Amino acid sequence: MILAVTLNPSVDIAYSIAHFALDDVNRTKEVSKTAGGKGLNVARVIHLLGKNVLATGIVGGELGGFMERQLSNDGIAHEFLQTDQPSRNCIAILHDDGKQTEILEAGPTLGGQEAQQFLQHFKHQVEQVSVVTISGSLPLGLPINFYCQLLAIAAEKQVKVLLDCSGPALEATLKSKYKPYLIKPNLSELSQIVEKNLNGDIQELKAVLKDERFTGIACMVISMGAQGAFVKYHDAFYQVEIPKIEVVNPVGSGDATVAGLAVAISEGKTIEAILATAMTTGMLNTMEAQTGYISITHFDAYYQQVKVTKI
Ligand code: ADP
């Protein structure tokens, strides 16, 4: 089983409002409300791939209950720590030119007691799984090294952790004693970490990924949207090329990629197969209107078109 962690999940609301009027009343009949947050997208895609997944994190209030019911309706197992503070909403107002305005609530501010309770909760869950994914931002109130504490627990049980986060929480794990097995920054997130504007040049990426700050991380997948990915796996480098496809909605592709990585790693596949699976799930996500959703009907056809080259 794979454990998918989302510490700050949200009920994502999308309102379609063709011409949004500031300082005025906007009405819409087109509303969608879904259990969201990066790790829940990961859990959904793992489930759609037909694999066992347990969704975890911290939820509270009516919105927490809504998320749990939605996951149950989708047949996704979940075991969240409950907090007495309500979970958050994230609102996207979709305009007719393909652009969107987002309002993101910060979510609950957690205390030391909840932090300790989640560590216990996680310790128990890690015993039942082979791979853990950790996605997204930390809730307010948790220490910046909280993911490092989860990494230490996973290391004790020799469980591989795939970490998909950015900013100070990621930087803290790079300095931690226990490293994630895999990180998946996109090019702009990697640029932020190394404080250099990277454009995808292979020689430059090779040099950057050899930096000692990444020592101890077995696999680094730098996802590059339509350009596929560049990967460092132990001491080897791989370029992953993907076919040109018709994109409907690219949001959540990184999460679908993490889901593909987790599934193939949990199955003990070769690095080539792991990367081809991840690129395929990323591509399949871009072909759907729903964020963090894939249809597996054409999985094999796209998988065959991914080219993984050791360079
Ligand atoms: P993130 O969502 O984290 O920014 P990316 O945009 O790099 O991640 O997308 C992750 C993966 O999804 C890519 O490596 C690729 O496989 C697929 N993907 C994303 N955007 C596109 C696109 N425009 N065309 C084809 N595949 C895409």
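Excluded from the calculations below are hydrogen atoms, water molecules and symmetry mates; all remaining heavy atoms, backbone and side chain alike, are included. In each ligand, atom 1 is the first atom listed, and ligand 1 is the first ligand listed. Worth saying up front: this structure is predicted, and the values here are computed from it rather than measured.
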Taking only heavy atoms of [X], which atoms of ligand 1 are found under 4.0 Å from at least one of them?
X    : answer
G282 : 12 (O), 17 (C)
N186 : 1 (P), 3 (O), 4 (O)
I242 : 15 (C), 16 (O), 25 (C), 26 (N)
M224 : 7 (O)
V247 : 22 (C), 23 (N), 24 (N)
T286 : 18 (N), 19 (C), 20 (N), 21 (C), 27 (C)
S253 : 9 (O), 10 (C), 12 (O), 19 (C)
T257 : 10 (C), 11 (C), 12 (O)

Any donor-acceptor pair under 3.5 Å linking the side-chain atoms of [Y] with those of [X]?
X    : Y    : answer
Q100 : E102 : yes
Q304 : D300 : no
T34  : D12  : no
S295 : T297 : yes
E171 : Q192 : no

**Request:** Examine ligand 1 and decide if any of its atoms is less than 4.0 Å from a heavy atom belonging to K184.
**Result:** yes

**Sub-4.0 Å heavy-atom approach of A229 to ligand 1** = no

**Prompt:** For atom 2 (O) of ligand 1, which candidate among S166, G254, G252, G260 provides the closest heavy atom?
**Reply:**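 The residue whose heavy atom sits nearest atom 2 (O) of ligand 1 is G254.
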
**Item:** Winner among S223, S135, G225 once heavy atoms are compared against atom 15 (C) of ligand 1
**Value:**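 Minimum heavy-atom distance to atom 15 (C) of ligand 1 goes to G225.
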
**Asked** So do L275 and V306 actually touch side chain to side chain, heavy atoms under 4.5 Å?
**Response** no

**Asked** Looking at CG of N8 and OG of S87, how far apart are the two atoms once the value is rounded to the nearest 0.5 Å?
**Response** 7.5 Å

**Request:** Determine yes or no for a side-chain-to-main-chain donor-acceptor pair under 3.5 angstrom, with E189 supplying the side chain and N186 the backbone.
**Result:**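 The answer is yes, because a donor-acceptor pair under 3.5 Å joins these two groups.
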
**Asked** What part of A226, side chain, backbone, both or neither, has a heavy atom within less than 4.0 angstrom of ligand 1?
**Response** both

**Prompt:** Got the closest protein heavy atom to atom 14 (O) of ligand 1, with its distance?
**Reply:**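 Going atom by atom, the protein heavy atom closest to atom 14 (O) of ligand 1 ends up being G228 O, 3.0 Å.
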
**Request:** Among Q125, Q117, H124, find the one that has a side chain to side chain donor-acceptor pair (under 3.5 Å) with H121.
**Result:**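 Between H121 and the candidates, side chain to side chain donor-acceptor pair (under 3.5 Å) is satisfied uniquely by Q125.
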
